[in-house]
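Presented below is the structure to which this report refers.
Letters go in sequence order (proteins before strands), and every chain restarts at 1.
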Number of protein chains: 4
Amino acid sequence: MFFASDNAGPAHPKVMDALVKANSGYALGYGADPIMAEVRQQIRDIFEAPEAAVYLVINGTSANALLLATMCQPWQTIFCTDVAHIHEDECNAPEFYTQAKLTLVPTTAGKMTADALRAKIKAEETRGVHGPQRGPVSVTQVTEKGTVYSLAEIKALTDIAREYGLPAHLDGARFANALVALDCTPAEMTWKAGIDAVSFGGTKNGAMGVEACVIFDPKLAWEFELRRKRGGHLLSKHRYLSAQMQAYLADGLWLDMARAANARCAQLAEGLRRHNVARMLCDPAANIIFFEMPRQDHQRMLAAGAVYYVMSGDPDQGDPDEMLTARLVTDWSMTADGVSQFLGLLHG
Amino acid sequence: MFFASDNAGPAHPKVMDALVKANSGYALGYGADPIMAEVRQQIRDIFEAPEAAVYLVINGTSANALLLATMCQPWQTIFCTDVAHIHEDECNAPEFYTQAKLTLVPTTAGKMTADALRAKIKAEETRGVHGPQRGPVSVTQVTEKGTVYSLAEIKALTDIAREYGLPAHLDGARFANALVALDCTPAEMTWKAGIDAVSFGGTKNGAMGVEACVIFDPKLAWEFELRRKRGGHLLSKHRYLSAQMQAYLADGLWLDMARAANARCAQLAEGLRRHNVARMLCDPAANIIFFEMPRQDHQRMLAAGAVYYVMSGDPDQGDPDEMLTARLVTDWSMTADGVSQFLGLLHG
Amino acid sequence: MFFASDNAGPAHPKVMDALVKANSGYALGYGADPIMAEVRQQIRDIFEAPEAAVYLVINGTSANALLLATMCQPWQTIFCTDVAHIHEDECNAPEFYTQAKLTLVPTTAGKMTADALRAKIKAEETRGVHGPQRGPVSVTQVTEKGTVYSLAEIKALTDIAREYGLPAHLDGARFANALVALDCTPAEMTWKAGIDAVSFGGTKNGAMGVEACVIFDPKLAWEFELRRKRGGHLLSKHRYLSAQMQAYLADGLWLDMARAANARCAQLAEGLRRHNVARMLCDPAANIIFFEMPRQDHQRMLAAGAVYYVMSGDPDQGDPDEMLTARLVTDWSMTADGVSQFLGLLHG
Amino acid sequence: MFFASDNAGPAHPKVMDALVKANSGYALGYGADPIMAEVRQQIRDIFEAPEAAVYLVINGTSANALLLATMCQPWQTIFCTDVAHIHEDECNAPEFYTQAKLTLVPTTAGKMTADALRAKIKAEETRGVHGPQRGPVSVTQVTEKGTVYSLAEIKALTDIAREYGLPAHLDGARFANALVALDCTPAEMTWKAGIDAVSFGGTKNGAMGVEACVIFDPKLAWEFELRRKRGGHLLSKHRYLSAQMQAYLADGLWLDMARAANARCAQLAEGLRRHNVARMLCDPAANIIFFEMPRQDHQRMLAAGAVYYVMSGDPDQGDPDEMLTARLVTDWSMTADGVSQFLGLLHG
């Protein structure tokens with residue numbers, strides 16, 4: 001009953017096996033290992049992008065910050081949602097790497113609409129050099145609220161970016177969960193929808209700690225490499241990143257894990273819908289649920305060993321009937337029985 | 001016969017076992033995993049520093065850059081050698097994180113002398129706000145040339161730093177190799193010798209990719225934590241860093257590996273001393289040798305499958321008799337037989 | 001009829017006379033000129049702050065950026081209004097100097113309320129290292145909308161800052177205009193109201209180009225000096241900044257000029273109130289008016305030679321009856337006759 | 001007898017007259033003033049560069065830092081001399097603006113030779129992403145030691161830069177003094193000699209505080225404008241910069257002032273050559289002399305009211321016979337009589 005985060009669960013055994021298997025003999029460092037050559041090809045194939053530049057880093061914060069820095073100038077502003085991970089959860093890493101600022105687009109259920117994005121871009125009229133200049137648009141898929149943009153919604157956002165000459169970034173920390181939810185191809189969810197660069201997550205979906213940075217315009221490749229090194233994000237024993245990603249992608253393991261996580265989430269959602277007081281804040285599309293429930297019910301669940309974050313107040317102190325918002329996140333490793341046990345307690 | 005780098009060899013099987021063992025069930029992320037609590041205690045014990053702040057990062061560049069940024073102000077200059085890794089091999093990462101500059105102290109055999117350091121510090125008279133202000137002194141142990149400072153030499157450098165009110169940093173990417181070479185304690189090589197913070201390497205000595213940042217003044221801890229997060233260097237699935245370091249330190253594995261690497265290096269040095277034309281540039285004290293040899297001999301060795309870097313010219317092109325400098329690095333995983341094979345070829 | 005900006009008018013002749021007078025013989029540079037010693041004392045006297053650190057820079061952007069950088073850490077967020085000059089009009093200079101980010105507090109008539117500020121500070125719960133940390137509160141007085149905070153309003157904002165341990169900055173580009181509007185002392189409007197540092201403007205109120213940075217805690221003085229030099233904002237021939245500020249403050253010239261500017265603004269406001277279609281957006285308290293009027297009326301005024309900015313649309317193109325917002329700014333050099341002429345045309 | 005610096009003397013009365021004349025009526029700010037349009041044309045004419053981008057800033061530090069930032073990437077290193085103003089006297093401003101580092105080329109008499117530059121550029125082999133990448137070459141003319149590069153010497157340096165694809169910057173804080181020393185045209189000393197951008201000084205040669213940034217490739221213009229604003233270096237009441245530069249350039253005033261300064265320096269040098277113990281460190285070519293003389297002679301001169309910097313030791317304390325190095329700087333405002341008086345004392 002551990003629903004705190006999809007970065008708290010274990011890596012898939014096949015990923016660990018690949019690490020152990022890679023740990024033999026000598027291999028050139030810094031990305032020149034032979035496994036990386038294979039990974040590059042895997043990702044180009046998966047994205048139907050034979051020219052794409054592909055790099056591996058250890059986590060989503062560095063992937064986002066490095067990609068945005070490569071797409072942005074220090075006098076620009078990056079358009080993202082007011083709940084974006086790059087705004088709320090990275091302790092100014094995007095600002096550190098880009099030297100730019102963020103303009104927050106208001107959201108409904110974690111998503112910005114095309115109209116809201118356009119309004120913010122229009123408002124950022126720079127009056128010559130005085131204001132910040134318009135910079136990249138960053139879209140998070142799966143959103144931080146557990147919703148998923150449709151392909152048409154992504155396209156509508158990148159169309160506006162294109163109209164203003166701005167590049168588009170996809171924060172895909174939960175890329176696989178969105179992909180299986182939409183049942184589309186990686187190309188459809190990215191460059192065919194107008195995305196220029198992707199933070200392609202592995203860590204939250206069964207890897208130990210690896211994300212790919214995929215840049216569709218190879219002209220940016222060398223700058224990215226220099227930024228990665230300068231940020232301290234180029235690993236010497238790089239083969240251990242490569243091996244993780246190789247196993248993650250092999251035989252559709254990444255999609256299987258995302259499907260499993262989403263299925264557990266759907267099971268949770270189904271149970272919550274039947275509950276007489278708990279209420280989901282929006283319809284979960286992937287592996288995250290936000291719901292509200294009286295404090296006393298949270299207390300009961302937490303006391304019974306359920307682990308998850310209560311976001312809007314202290315679960316221990318206060319009016320027992322006050323509705324408190326909480327978040328449930330599922331991952332590949334959860335069992336249907338574990339979810340049933342949680343729902344049983346909830347309904348009990 | 002792979003002597004290119006100590007970051008090209010495999011991790012020790014015990015480190016991999018620890019990773020696999022850690023990969024079970026849920027664990028809080030971002031350093032709150034239970035293994036990290038144990039690692040913190042291990043390192044405090046090893047350093048006889050019960051108050052030390054201890055953090056893990058993925059590599060030496062980030063360890064150095066984050067520690068120096070925590071010890072430095074943007075208007076200062078960091079004193080290091082003219083062959084320091086932070087100067088030559090980190091693509092401006094120290095400048096990026098610290099916003100400061102580096103003042104290069106000339107070296108003999110990779111070491112700065114106390115007199116050379118003092119001369120540079122004195123010369124950096126700031127004339128009020130005009131020049132850069134004096135900042136930290138950074139000492140590399142094992143040096144980039146394979147030599148090792150004695151405890152008295154370190155103390156002489158930190159005494160000057162202290163005299164000018166400057167903090168002292170130790171780049172210990174090969175900390176263990178130096179420690180066994182000096183046969184002293186970690187405390188003796190660091191805080192007892194005047195060092196304020198240490199980049200404590202694991203990656204080059206049998207880990208997969210982990211370094212500890214050890215700060216003896218716990219008042220700097222919180223700033224370090226914020227800088228690590230802001231640099232994108234805080235891992236969500238942190239347990240996999242912790243597990244590596246735990247296994248690395250357990251039962252003296254780290255010292256055993258360093259002793260093995262140094263022994264192989266001594267074996268190489270002994271063989272080179274007997275060679276009639278090859279000549280070592282300085283006496284190796286740990287696991288690195290710089291030597292020179294005619295181009296044609298390098299060609300012969302490389303053709304026979306030896307792998308190492310020739311630093312001072314193209315081994316393939318040029319006068320066959322020209323002396324070219326090369327580097328040999330040993331690690332824990334090499335066998336005496338492998339070294340004998342190399343020496344046999346060399347002497348053959 | 002030139003109401004575009006208070007930085008478009010001339011400097012006061014007494015300021016120019018002081019420059020010419022200062023231009024004689026040799027004077028030490030970089031702030032060591034004898035006039036600066038007098039200016040420091042003038043400002044300490046005026047602010048009743050005998051320990052205050054006082055520095056001169058060329059403009060408001062550098063004053064704000066340097067002060068905020070001295071009060072802030074790179075992992076923090078600065079609380080300011082959503083119309084703040086530091087947010088909208090400085091092309092990321094605050095972000096460049098502080099390396100931090102801005103959190104925008106919503107406004108009414110250019111002002112943030114204590115409740116709005118508190119809500120934003122509370123929302124910026126950092127969850128450990130994950131979010132940006134809370135940083136300085138920056139208050140603009142006169143606001144960008146021409147309103148003026150009462151002393152109690154400033155105090156209410158700095159009380160919240162104090163409660164959270166955050167320093168408070170005053171962007172006083174139009175400090176004098178606010179002061180005469182409130183009819184209070186500089187001490188009352190700053191440190192007695194909880195302000196820690198002030199950008200004390202001169203440029204918009206009759207100087208050629210000079211602002212004082214006044215820091216009430218002298219412990220920050222040296223850091224400020226280093227930041228100023230590192231930003232390229234320390235003038236070698238500093239006496240020409242000092243001379244301006246000396247003349248600006250002598251015999252209450254600065255207050256006389258602010259009173260004149262405010263009086264012209266009041267005259268404009270009185271005329272606008274009598275107008276049958278023009279409508280002021282908020283009651284002007286100092287020397288700025290925002291008002292709306294049909295496009296055709298703007299066209300008529302602009303064609304007649306009035307100069308001012310129409311903010312909300314193109315005055316030349318569109319529905320003649322559409323209401324367009326415009327800004328009028330007065331300065332010390334305007335005459336009552338000039339304003340009457342403008343109002344005559346408006347009513348004509 | 002004030003030889004401390006050419007930034008300690010007064011501005012030329014014609015410059016002050018121009019300021020006063022410009023101080024009338026309204027003028028658009030931020031560089032849109034009509035005088036700036038004239039200044040741009042003046043400078044394009046003087047440099048025979050009809051396409052050049054021309055901007056004004058307040059001092060040499062900001063001119064250098066902004067130009068270098070526009071010519072450089074954060075992962076590069078800038079090649080300059082080990083006595084360069086950008087290295088020694090700007091408190092990390094170049095590092096702040098460029099985010100890059102400096103590589104110091106050794107000097108003789110303040111100059112780098114082509115061989116020394118080539119050696120440093122070659123040594124900066126980057127080994128892929130590991131080292132800093134090669135960046136701009138910055139040449140100071142007049143050098144910090146008072147010598148002047150010949151046109152052929154400048155060309156030899158920029159030829160090497162061109163060979164490696166690096167841009168070339170000229171720090172011309174004393175541009176006019178060099179120009180009259182070489183008796184050449186501005187075009188010959190800059191773009192015809194391979195220079196891409198110039199910090200064109202006015203402050204040290206009779207202006208109040210103004211430098212032009214001249215960029216021969218207009219494609220960099222917009223980035224420079226954004227960097228200037230973001231650095232807080234765009235003046236609102238810009239006309240007062242423009243007016244200075246206009247008067248400075250009008251009727252060859254700038255060249256007359258430089259000739260006067262150089263003539264006073266030559267007079268000093270002639271007197272020093274006749275002295276029996278004082279010894280010049282290199283032959284002065286413009287308006288700066290470095291010389292050495294026993295401490296007791298310095299004491300005598302300083303006691304008699306001469307003002308200049310003794311660089312290599314405390315003039316007040318120590319062996320009376322110790323030779324101490326000192327610097328003499330002349331400017332436009334000095335009289336031949338004043339210099340004679342100094343020399344009379346010296347020889348007395």
Kindly provide each donor-acceptor pair between chain D and chain C shorter than 3.5 Å, listing atom names and distance.
from, atom 1, to, atom 2, distance (Å)
D:N7, ND2, C:Y30, OH, 3.2
D:A8, O, C:A27, N, 2.9
D:A8, O, C:R239, NH2, 2.9
D:G9, O, C:R239, NH2, 2.9
D:A11, N, C:N23, OD1, 2.6
D:A11, N, C:Y240, OH, 3.2
D:A11, O, C:N23, ND2, 2.9
D:N23, OD1, C:A11, N, 2.6
D:N23, ND2, C:A11, O, 2.9
D:Y26, OH, C:D331, OD1, 3.2
D:Y26, OH, C:S333, OG, 3.2
D:A27, N, C:A8, O, 2.9
D:Y30, OH, C:N7, ND2, 3.2
D:N59, ND2, C:G232, O, 3.0
D:N59, ND2, C:L234, O, 3.3
D:D89, O, C:K229, NZ, 3.2
D:Y97, OH, C:Y97, OH, 2.9
D:Y97, OH, C:G231, O, 2.8
D:T203, O, C:K237, NZ, 2.7
D:A207, O, C:K237, NZ, 2.7
D:K229, NZ, C:D89, O, 3.2
D:G231, O, C:Y97, OH, 2.8
D:G231, O, C:H233, NE2, 2.8
D:G232, O, C:N59, ND2, 3.0
D:H233, NE2, C:G231, O, 2.8
D:H233, NE2, C:H233, NE2, 3.2
D:L234, O, C:N59, ND2, 3.3
D:K237, NZ, C:T203, O, 2.7
D:K237, NZ, C:A207, O, 2.7
D:R239, NH2, C:A8, O, 2.9
D:R239, NH2, C:G9, O, 2.9
D:Y240, OH, C:A11, N, 3.2
D:D331, OD1, C:Y26, OH, 3.2
D:S333, OG, C:Y26, OH, 3.2

Could you tell me which of D:G231, D:P94, D:A65 has the largest number of non-hydrogen atom pairs under 4.5 Å with chain C?
-> D:G231
D:L19 and C:M208: which non-hydrogen atoms are nearest, and at how many Å?
-> CD2-SD, 4.1 Å
Would you mind telling me which of C:A4, C:C91, C:A8 has the largest number of heavy-atom pairs within less than 4.5 Å of chain D?
-> C:A8
Please list, chain by chain and in numerical order, all residues satisfying side chain to side chain contact (heavy atoms under 4.5 Å, CB included) with D:A22, sequence neighbours excluded.
-> D:I35, D:A243
Please report the closest heavy-atom contact between C:G232 and D:I58, naming both atoms and the distance.
-> O-CD1, 3.9 Å
When C:G209, C:G9, C:G29 are compared by non-hydrogen pairs under 4.5 Å with chain D, the top option | C:G9
Which atoms of C:L234 approach chain D - backbone, side chain, both or neither, heavy atom under 4.5 Å | backbone
Does D:F3 have any ring pair (Phe, Tyr, Trp, His ring centres under 6.0 Å) partners at least two apart in sequence or in another chain, and if so, which?
-> D:F342
With a 4.5 angstrom heavy-atom cut-off, could you sort out which part of C:A11 is near chain D: side chain, backbone, both or neither?
-> both
